[in-house]
Amino acid sequence: MCLSDIRVLKFGGSSLASPELIHKVAQIIADHYHACKKVVVVVSAMGKSTDELIQLAKKVSPNAPLKHSREVDMLVSVGERISMSLVSMAIRDLGIEAVSLTGSQSGIITTESHGEAEILEIKGERILKNLEEKKVVIVAGFQGVSREKEITTLGRGGSDTTALALAHFLQSSSAYIYSDVDAYYSADPKVVKNALRYEKIPWEIGFLSSYFGAKVLHSRAAKIAAKQHLQVQMLSTFNPQRSPGLLEGDIDAKNQLFQVFTLNLKKDLKKLTTDKCALPCKDIPLEIEDCFMPSYFENRIEFPAGALKTFFYSYEKNLNPQEGLEKKLLNEAGYQSFTLVGTGLLQKKTLLQEAEKILMSFGVEIEGYDWTNLYLVLITKKLDADQKILQSLHEHFLENTN
Ligand code: ASP
Ligand code: MG
């Protein structure tokens with residue numbers, strides 16, 4: 001079998017929110033199948049069902065995600081299993097052979113860390129065998145199994161990661177990501193009126209936009225695409241004929257002119273204050289430690305607080321410090337960030353000043369920032385006026401392009 005002909009498709013939760021939508025998705029899958037006969041589909045949980053399952057767990061045990069992370073994984077992994085079986089039935093009703101597989105049946109081997117596991121390896125034997133038999137293979141996203149045979153999940157939004165990891169494993173040249181957003185936009189099109197749609201955006205810019213809050217593709221998935229040079233096609237389930245927004249290509253190194261591509265909002269940041277040496281970098285729970293931004297949490301956003309050092313980070317969990325370090329740590333919720341992602345950002349000397357002026361006009365102070373050639377992150381306290389601020393920043397940096 002020539003692996004590179006295999007198409008990997010992924011459908012997000014909003015594309016699978018009802019039986020009617022599941023039929024629509026089955027039809028899209030059938031069209032791909034008729035075009036190429038080798039189709040692997042990754043599904044997310046229906047609608048908001050992962051949130052609902054987590055809420056349910058919290059009703060039984062308020063601190064469940066921290067206290068019972070294994071059991072929470074057993075619970076939330078069910079969301080994707082519901083989708084995979086229903087999608088498989090709908091495809092079979094169209095007269096196409098299909099089979100659903102859990103992450104574990106697919107041989108997605110992960111680390112042991114419940115709720116935030118990383119994929120170590122994909123065995124994929126059953127996926128390949130079923131493809132040989134011309135079946136559409138439906139894989140439950142967001143989950144895997146540890147070497148100790150425990151069910152794990154990959155962190156919120158992890159189905160995108162499953163899809164890109166499978167596309168790499170299957171040597172596909174492209175992954176098709178269907179959701180309610182069909183491209184990277186200059187800002188969230190549901191919030192900002194004149195958000196621009198990018199027909200194509202370079203990997204690094206897409207990755208950073210996702211990292212700083214763009215919802216179209218999870219940042220870990222964008223990172224896999226960037227590292228493995230995989231093209232990602234972003235499509236709308238609700239308008240599947242529209243040409244896809246592409247994530248591919250490098251930033252042209254010679255063309256490092258000042259250009260802002262995206263404006264992003266990331267909510268629910270926490271502030272962590274710690275002794276400089278107390279926390280070796282590897283213990284900081286970053287979503288991405290290496291890739292393009294080694295400095296983000298490490299040394300840029302620093303406050304003159306004596307020997308203390310401040311990091312901002314986004315994470316479902318609180319840090320679980322090693323024993324003895326606890327006293328030195330202060331975890332404080334209630335922050336968020338506005339981020340401009342682009343190229344040549346350091347060349348525009350007044351960039352920070354201009355952004356600060358806009359925030360000040362809303363009475364908002366900058367609590368910390370990080371500025372490199374590729375991004376300017378502005379940390380503020382959590383706000384109610386986000387939408388208006390995003391609109392103003394967008395008008396200033398993306399609509400007035402002189
Ligand atoms: N269902 C999981 C979540 O909502 C994974 C995903 O949607 O990608 O986070
Ligand atoms: Mg979901």
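Atoms within each ligand, like the ligands themselves, are counted from 1 in listed order.
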side-chain contact (heavy atoms from CB on, under 4.5 Å) between E112 and E148, intermediate numbers included:
CA-CA 8 Å; E112 285 156 55; E148 289 68 35; 3.2 Å; yes
Does atom NZ of K48 have more than 12 heavy-atom neighbours, drawn from other residues, nucleotides or ligands, at distances under 6.0 Å?
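Counting neighbours around NZ of K48, 12 or fewer heavy atoms of other residues, nucleotides or ligands fall under 6.0 Å, so no.
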State the atoms of ligand 1, each with its element, that fall below the 4.0 Å cut-off from a heavy-atom position in S44.
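Taking each heavy atom of S44 in turn, ligand 1 has 6 (C), 7 (O), 8 (O) under 4.0 Å.
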In terms of atom number and element, which parts of ligand 1 are under 4.0 angstrom from non-hydrogen atoms of R156?
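Taking each heavy atom of R156 in turn, ligand 1 has 3 (C), 4 (O), 9 (O) under 4.0 Å.
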Close approach of [X] to ligand 1, heavy atoms, under 4.0 angstrom:
X: G158; value: yes
X: G157; value: yes
X: K48; value: no

Heavy-atom distances under 4.0 Å are what count here, so tell me which part of H218 touches ligand 1: side chain, backbone, both or neither.
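Neither part.
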For the CD1 atom of I205 and the CZ atom of F261, what is their distance to the nearest 0.5 Å?
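Going from the CD1 atom of I205 to the CZ atom of F261 covers 5.0 Å.
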From Q171 atom CD to L166 atom CG, the distance as rounded to the nearest 0.5 Å
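Between Q171 CD and L166 CG, I get 13.0 Å after rounding to 0.5 Å.
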When you measure from atom 1 (N) of ligand 1 to each heavy atom in E80, K10, Q143, which option holds the nearest one?
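The residue whose heavy atom sits nearest atom 1 (N) of ligand 1 is E80.
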Using the ring of each side chain (for Trp, its six-membered ring), is Y178 parallel, tilted or perpendicular to H32, with breaks at 30° and 60°?
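Judged by the thresholds at 30° and 60°, the geometry between Y178 and H32 is perpendicular.
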Run the ring-centre check on Y185 versus Y198 and record whether the distance is less than 6.0 Å.
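Here the rings of Y198 and Y185 have centres that are no less than 6.0 Å from each other.
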Nitrogen or oxygen atoms of D160 and ligand 1 under 3.5 Å apart:
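N/O-N/O distance below 3.5 Å does not exist for this pair.
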